[in-house]
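Remember, predicted model here, so these are calculated numbers, not experimental data.
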There are 2 protein chains.
Amino acid sequence: MKKETTTLKQIATSLNLSISTVSRALNDHIDISEETKRKVKREAERLQYVPNILAKGFRKQKTNIIGIIVPSVIHSFTATILKGILLESEKTNYTTIIAETNNNPEKEKDVLNTMLQFGVEGILMALSKHTRDISPMLLALKKRPLILFDKVSSKIPCTQVVIDEIAAAANAVEHLVNIGKKRIAIIKEREDSYNSEKRFEGYKQTLKKHDLPIDESLILSTDDSSINEGKRLARELICLKDKPDAIFCITDDFAIGVIKTLKKFAIKIPDEIAVVGFSNSSHSTIIEPNLTTVNQPGGRIGKLAMQQMIREIESNEVFGTSKSIEIQTNLIIRESTFL
Amino acid sequence: MKKETTTLKQIATSLNLSISTVSRALNDHIDISEETKRKVKREAERLQYVPNILAKGFRKQKTNIIGIIVPSVIHSFTATILKGILLESEKTNYTTIIAETNNNPEKEKDVLNTMLQFGVEGILMALSKHTRDISPMLLALKKRPLILFDKVSSKIPCTQVVIDEIAAAANAVEHLVNIGKKRIAIIKEREDSYNSEKRFEGYKQTLKKHDLPIDESLILSTDDSSINEGKRLARELICLKDKPDAIFCITDDFAIGVIKTLKKFAIKIPDEIAVVGFSNSSHSTIIEPNLTTVNQPGGRIGKLAMQQMIREIESNEVFGTSKSIEIQTNLIIRESTFL
DNA sequence: AACGTTACCGCAAACGTTTGCAAAAGAATA
DNA sequence: TATTCTTTTGCAAACGTTTGCGGTAACGTT
């Protein structure tokens with residue numbers, strides 16, 4: 001379907017001006033008299049002129065597109081961050097393109113390259129869960145600013161928008177201690193998960209702080225954090241001769257699964273076993289008892305990441321330096337730890 | 001940060017060829033000998049040549065970008081559709097840009113125009129909830145293919161990927177009749193919501209079919225479909241002297257709220273009142289009792305919408321004709337209607 | 001030997017915009 | 001009046017790519 005695009009040229013001929021004058025007039029260049037500007041703008045309006053972004057981008061070597069790479073858009077926390085990013089980008093004249101990695105490092109590399117080839121100004125990215133080889137990111141960083149959020153890696157020298165995972169986890173465990181729990185279990189991901197290990201660290205620190213023993217039998221790990229794995233591991237925990245009296249789950253999904261299992265075996269929450277999750281996903285108020293969980297302000301993370309990105313794009317400082325932007329979290333106390 | 005982009009020119013000079021030959025060689029033009037092609041491709045590889053998409057798009061008047069407009073990415077059904085779209089677009093050489101309307105018709109119009117101005121090849125779109133003025137869409141349709149999904153409007157002459165809302169709702173209500181329910185209430189949105197009215201239609205049809213009276217006191221409407229509104233309206237229903245024995249909610253969120261209220265007042269589900277939702281959101285298996293609901297295959301909707309879009313872009317048929325692609329739904333029966 | 005074919009390649013224009021530089025016109029100064 | 005300065009405008013190049021058309025060389029055919 002053909003479109004009747006009007007160009008600068010048409011405005012120029014119609015007004016007996018040169019193309020350059022028209023261009024400058026529309027861009028409010030100081031060299032152009034107010035009267036000419038008015039005339040030009042009126043004519044542009046009349047002819048429904050819309051600038052050809054491709055030509056503009058081509059000429060100025062600038063696309064004003066920012067790439068976003070996430071494992072999956074259906075993950076609710078990711079979606080919340082995304083929303084923050086989109087909300088912020090609307091205020092600017094940057095558009096965004098979004099791609100998924102599905103937690104596949106190979107795909108991650110492909111997507112990254114495609115985006116660079118596409119000429120994005122910068123890349124906002126959450127690493128996939130088990131990314132080990134960071135060379136694609138280092139390569140990208142040589143060409144464009146890269147900002148990590150959610151799943152980050154301190155080995156990549158770029159700015160990272162994160163929450164203080166250790167403190168957040170410590171705070172959650174502290175709460176369990178405060179309500180009188182002594183045998184606190186943890187359900188986490190395996191060692192190659194960055195965030196999981198951080199939260200585990202917070203868990204250990206708090207136990208130590210309160211002189212509670214770290215019991216290996218209360219530390220459970222698994223590959224993917226899902227409701228089903230939560231169910232399964234909870235079953236393991238309640239089969240222990242020496243049961244825990246609280247379970248700290250490093251994701252809400254784990255926690256949901258745990259609660260399901262505990263209810264199935266008629267274990268009282270939180271009296272017998274208290275449960276705390278991490279993320280404050282929408283599930284946490286659906287499940288009963290409502291879940292005590294760490295609130296991660298996804299929208300704010302997205303917003304700050306986007307703001308920082310624009311800053312890095314527009315200042316021509318070097319952007320290959322590590323920098324950490326930390327977001328405050330807070331623990332939301334609900335029925336699963338407190339009646 | 002400067003980037004050392006290699007251009008066709010560099011390959012050409014390095015190989016003592018003309019730019020045109022290099023361009024043709026890389027595009028596998030028949031006029032170029034196999035040997036030259038090999039040489040060129042090897043050199044391109046060596047110099048890490050990446051085509052300048054802007055220049056290419058500018059020259060060919062083609063961006064290979066498809067625009068996606070949705071009310072909000074955090075809505076789980078939307079996210080699922082999005083995933084389907086992204087998954088499909090990966091297989092092609094089209095990229096996507098995503099924008100939100102937040103159910104604001106003004107914003108919708110803006111976003112639509114921005115995308116067109118940006119030179120997208122086509123637009124995939126879910127209308128915002130209360131869009132009344134369809135002229136922006138009609139205008140867009142004059143320039144580019146437009147495909148609607150989820151929230152659609154039959155007044156816009158374009159292809160629409162939909163589920164058979166009436167049949168799906170009828171099927172759900174039928175199920176309630178089958179388990180012996182006679183006073184079936186409905187919680188829906190107001191009359192200006194297209195999907196809601198369709199589902200309401202299915203509700204009425206089924207009642208008529210089984211000679212059940214349509215009782216106005218059992219028909220509740222509200223502005224936005226949320227858990228809280230579900231809670232509130234359920235309370236209204238159970239305060240009726242002649243209570244319903246089942247509630248058909250036109251969204252899962254409504255249903256979740258309803259269940260919460262029913263449990264609060266110790267009303268037995270499904271014995272006293274059965275509940276059915278719509279969408280099969282992730283919440284439906286978190287809530288207890290698990291929710292019987294209509295499964296809308298979001299991934300499939302996204303996939304088909306994308307496929308159709310590419311078809312419309314690449315065939316130069318006229319695309320301003322109404323066409324409906326219907327997706328099958330199925331009712332997932334869980335504890336809220338069946339123990 | 002003259003001509004036609006085929007296979008391969010290069011020239012140069014074009015896409016719409018921005019921008020350095022020069023030019024023209026008018027205003028101010030000497 | 002002649003000179004300089006300021007304001008406003010136009011010329012033309014450039015960005016990287018594709019592509020119509022023309023050209024050359026080699027070969028085959030009469």
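Within the structure, every side-chain polar atom (N or O) of B:Asn52 is placed at least 4.0 Å from both OP1 and OP2 of D:dC15.
Rounded to a whole Å, the NZ atom of A:Lys62 is 12 Å from the P atom of C:dT19. Atom-to-atom, CG of B:Asn64 to C1' of D:dT17 comes out at 15 Å; the value is rounded to the nearest Å. Computed from coordinates, the A:Lys56 NZ to C:dT19 P distance equals 10 Å when rounded to whole Å. The nearest whole Å value for the distance from the CG atom in B:Leu26 to the P atom in D:dT17 is 9 Å. Atom C1' of nucleotide C:dT18 and atom CD1 of A:Ile53 are separated by 15 Å, given to the nearest angstrom. Note: CD (B:Gln61) to P (D:dT17) measures 16 Å, nearest angstrom. Rounded to whole angstrom, the span from the NE2 atom of B:His29 across to the P atom of D:dC21 amounts to 13 Å. Regarding A:Leu8, its CG atom lies at a distance of 15 Å from the C1' atom of D:dA12, rounded to whole Å.
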Please table the atom pairs, donor to acceptor, closer than 3.5 Å between any side-chain atom in residues 297-309 of chain A and protein atoms at least two apart or in another chain.
unit_1	atom_1	unit_2	atom_2	d
A:Gln307	NE2	A:Glu88	OE2	3.4
A:Gln308	OE1	A:Arg311	NH1	2.6
A:Gln308	NE2	A:Glu312	OE2	2.9

Using a 3.5 Å cut-off and no angle test, enumerate the donor-acceptor pairs between side-chain atoms of residues 133-140 of chain B and protein atoms at least two apart in sequence or in another chain.
unit_1	atom_1	unit_2	atom_2	d
B:Asp133	OD1	B:Ser135	N	3.0
B:Asp133	OD1	B:Ser135	OG	2.8
B:Asp133	OD2	B:Ser135	OG	3.1

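Exactly one of A:Val120, A:Ile66, A:Ile65, A:Leu86 qualifies for a side chain to side chain contact (heavy atoms under 4.5 Å, CB included) with A:Thr95. That residue is A:Ile65.
Here B:Glu100 pairs with A:Lys83 under the salt bridge (Lys or Arg N to Asp or Glu O under 4.0 Å) rule; sequence neighbours left out. With sequence neighbours left out, the side chain to side chain donor-acceptor pair (under 3.5 Å) criterion links A:Asp28 to A:Lys41. Judged as a salt bridge (Lys or Arg N to Asp or Glu O under 4.0 Å), and not counting sequence neighbours, the contacts of B:Arg46 are B:Glu43. Under the salt bridge (Lys or Arg N to Asp or Glu O under 4.0 Å) criterion, A:Glu34 pairs with A:Lys37, sequence neighbours left out.
Each of D:dT18, C:dT19, C:dC15 was ranked by its minimum atom distance to the side chain of B:Phe58; first place goes to C:dC15.
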From CA spacing to verdict: side chain to side chain contact (heavy atoms under 4.5 Å, CB included), B:Ile313, B:Lys62: CA-CA 11 Å; B:Ile313 290 173; B:Lys62 202 151 171 8; 4.2 Å; yes
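Pairs engaging residues 42-70 of chain A under the ring pair (Phe, Tyr, Trp, His ring centres under 6.0 Å) rule: A:Phe58-B:Phe58 [sequence neighbours left out].
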Under 4.0 Å protein heavy-atom contacts per nucleotide of nucleotides 4-14 of chain C, with B for base, S for backbone only and - for none: ----BBBBBBB
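Between its two ends, the helix from C:dA1-D:dT30 to C:dA30-D:dT1 turns its axis by 60°, counting five pairs per end and rounding to 10 degrees.
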